[in-house]
Amino acid sequence: MLAELGQEAKLLAGGQSLIPLMKLRFANPSHLVDLNFVPGTSYVKEENGALRFGPLTRHAEIEASPTAAKIPIIHDCAAGIADVQVRNRGTIGGSLAEADPSGDWATVLMTLKAEVRCQSAKAERRMRLADFIKDAYTNALTHDELISEVAVKIPAGGSGGAYLAFKRSAPVYPTASAAVQITMDGEVCKDVAIALGCVGLTAIKAKNAEAALRGQRVTEKTIAAAVLAARAAAEPQSDMRGSVDYKRTLVGSLVKRGIDIAMRRARGEQVEVSHVYA
Ligand SMILES: Cc1cc2nc3c(=O)[nH]c(=O)nc-3n(C[C@H](O)[C@H](O)[C@H](O)COP(=O)(O)OP(=O)(O)OC[C@H]3O[C@@H](n4cnc5c(N)ncnc54)[C@H](O)[C@@H]3O)c2cc1C
């Protein structure tokens with residue numbers, strides 16, 4: 001139908017981004033192609049060492065899924081998005097397609113080996129999330145393609161992750177957020193991925209912060225170096241949620257907490273994560 005209806009047609013998933021935009025007349029599609037009645041598009045499956053999410057899987061289904069909880073940072077993300085109403089309707093596919101700089105999924109999935117599968121009537125393409133999100137509100141899909149699946153490799157043993165956001169209240173997007181995924185070998189950080197959310201046009205991979213920890217013993221000193229590098233990597237805008245300095249400070253403290261929880265989880269500790277509310 002997308003191929004038939006042309007450029008001006010839009011897919012409708014949970015409607016939690018598209019419908020508000022249509023109400024504001026920022027989006028004015030000629031046709032809506034409703035995915036909600038397409039069977040077999042909502043699932044969480046484990047297969048060949050990866051978790052696979054159907055495009056129409058709601059945030060709430062992921063929050064409640066014991067399979068998704070095998071990657072705890074994924075549960076942190078799903079459980080922290082907005083409020084119950086939004087989580088009951090909004091989908092992982094819609095969130096990634098929207099590429100909202102304040103959206104939670106891209107920040108979290110950037111710290112994992114995540115692949116977006118894109119389907120048109122003619123072919124399937126698979127791409128890394130970093131290649132799928134091109135810019136703020138811009139993805140790599142052509143007009144006749146849709147996200148058909150999101151696949152995430154289950155991290156190796158000795159890994160742990162945490163996602164934390166700072167919010168004024170549940171139904172608003174975060175002021176800043178940080179995702180940390182770490183693999184430990186005893187006291188040494190074997191590998192780490194750190195992504196920052198809401199402080200740039202897309203989620204930002206804090207590469208210098210990762211380098212401060214990778215291959216090192218995780219001590220107060222190396223954590224402080226990672227925090228400093230994460231603050232420097234942020235590119236926040238001053239707005240009603242806070243000034244540039246305020247957001248940089250926030251990012252630093254979220255990364256610090258994230259490292260602590262990720263390490264504890266990597267050691268096998270069960271740690272509950274909740275976002276921080278102003
Ligand atoms: C009050 C409120 C608070 C919110 N707070 C947060 C928050 O804190 N964190 C957060 O991450 N999000 C938040 N959201 C957004 C929410 O997570 C949405 O679910 C998400 O952005 C879009 O998903 P959707 O399924 O509703 O997509 P829709 O609104 O239906 O679609 C969004 C866009 O994606 C396209 N699309 C949908 N599905 C596909 C697909 N399979 N393939 C290709 N394109 C597709 C549509 O054409 C459209 O352009 C909030 C929304 C509201 C209303």
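Each residue takes its place number in the sequence, starting with 1. Read the numbers this way: they start at 1 and go in the same order the structure lists the ligands and their atoms.
- Ligand 1 has no nitrogen or oxygen under 3.5 angstrom from a nitrogen or oxygen of W105.
- The shortest N/O to N/O separation between G14 and ligand 1 falls below 3.5 Å.
- Counting non-hydrogen atoms of neighbouring residues, nucleotides and ligands closer than 6.0 angstrom, the CZ atom of R217 reaches no more than 12 such neighbours.
- Remark: K10 NZ is loosely packed, at most 12 non-hydrogen atoms of other residues, nucleotides or ligands lying under 6.0 Å away.
- A salt bridge links R126 with E124; the closest basic N to acidic carboxylate O contact falls under 4.0 Å.
- The side-chain heavy atoms of N139 and V116, taken from C-beta on, include no pair separated by under 4.5 Å.
- When hydrogens are left out, the protein atom nearest atom 8 (O) of ligand 1 is K167 NZ, 3.2 Å; that is the closest non-hydrogen contact.
- The structure places CZ of R125 at 9.0 Å from CZ of F132, a figure rounded to the nearest 0.5 Å.
- Between F166 and Y246, the ring planes lie perpendicular to each other; the angle is over 60°, past the 30° to 60° tilted range.
- Shown here is K190, whose NZ atom has no more than 12 heavy atoms of other residues, nucleotides or ligands within 6.0 Å.
- Of all the heavy atoms of L141, the ones lying under 4.0 Å from any atom of ligand 1 belong exclusively to the side chain.
- Which of G15, C198, C118 comes nearest to atom 28 (P) of ligand 1 through a heavy atom is settled by distance: it is G15.
- Taking NE2 from H31 and CG from L11, the interatomic distance works out to 13.5 Å, rounded to the nearest 0.5 Å.
- In this structure, the protein non-hydrogen atom closest to atom 46 (C) of ligand 1 is L11 O, 3.0 Å.
- Not a single heavy atom of R87 lies less than 4.0 angstrom from ligand 1.
- Summary of contacts: the protein heavy atom closest to atom 33 (C) of ligand 1 is E98 OE1, 3.2 Å.
- For CG of D260, the number of neighbouring non-hydrogen atoms (other residues, nucleotides, ligands) closer than 6.0 Å is greater than 12.
- In this structure, atom 41 (N) of ligand 1 lies nearest to the protein heavy atom I147 O, 3.2 Å.
- Ligand 1 places these atoms under 4.0 Å from at least one heavy atom of D104: 7 (C), 8 (O), 9 (N), 10 (C), 11 (O).
- Listed by number with element, the atoms of ligand 1 under 4.0 angstrom from any heavy atom of G90 are 19 (O), 25 (O), 26 (O).
- Closest protein heavy atom to atom 18 (C) of ligand 1: Q16 CB, 3.5 Å.
- For the atom pair CD (E61) and CG (L56), the distance works out to 8.0 Å, reported to the nearest 0.5 Å.
- Under a cut-off of 6.0 angstrom, the local environment of CG in D239 is crowded, with over 12 non-hydrogen atoms contributed by other residues, nucleotides or ligands.
- Comparing heavy-atom distances from atom 23 (O) of ligand 1 across P20, G94, P171 singles out G94 as nearest.
- For the pair A13 and ligand 1, the shortest N or O to N or O distance falls below 3.5 Å.
- Using 4.0 Å as the threshold, V86 has a heavy atom nearer than that to some atom of ligand 1.
- Nearest protein heavy-atom contact of atom 25 (O) of ligand 1 is T91 OG1, 2.6 Å.
- Under 3.5 Å, the side chains of E145 and T142 contain a donor-acceptor pair of N or O atoms.
- Under a 4.0 angstrom heavy-atom cut-off, H59 registers as being in contact with ligand 1.
- When only interatomic distances are considered, the shortest N/O to N/O separation between S102 and ligand 1 does not fall below 3.5 Å.
- With distances taken over non-hydrogen atoms, the option nearest atom 35 (C) of ligand 1 out of S17, A99, A97 is A97.
- Counting heavy atoms under 4.0 Å from ligand 1, residue V172 touches it through the backbone alone.
- The aromatic ring centroids of H75 and Y163 lie 6.0 Å or more from each other.
- At least one heavy atom of L35 sits less than 4.0 Å from an atom of ligand 1.
- For F26, the CZ atom is loosely surrounded, since the number of other residues' heavy atoms within 6.0 Å does not exceed 12.
- Near L146, the atoms of ligand 1 lying under 4.0 angstrom from a non-hydrogen atom of the residue are 42 (N), 43 (C).
- The closest protein non-hydrogen atom to atom 4 (C) of ligand 1 is A82 CB, 3.5 Å.
- The contact set between ligand 1 and P55, taken as ligand atoms under 4.0 Å from a residue heavy atom, comprises 41 (N).
- Nearest to atom 50 (C) of ligand 1 among the protein's heavy atoms is Y173 OH, 3.4 Å.
- An N or O contact shorter than 3.5 Å links L18 to ligand 1 by distance.
- Taking a cut-off of under 4.0 Å to the non-hydrogen atoms of K10, the atoms of ligand 1 that pass are 47 (O), 49 (O).
- Distance CG/D76 to CD1/I71: 11.5 Å, rounded to 0.5 Å.
- When only interatomic distances are considered, the shortest N/O to N/O separation between E145 and ligand 1 does not fall below 3.5 Å.
- The distance from the SG atom of C118 to the CE atom of M127 is 4.0 Å, given to the nearest 0.5 Å.
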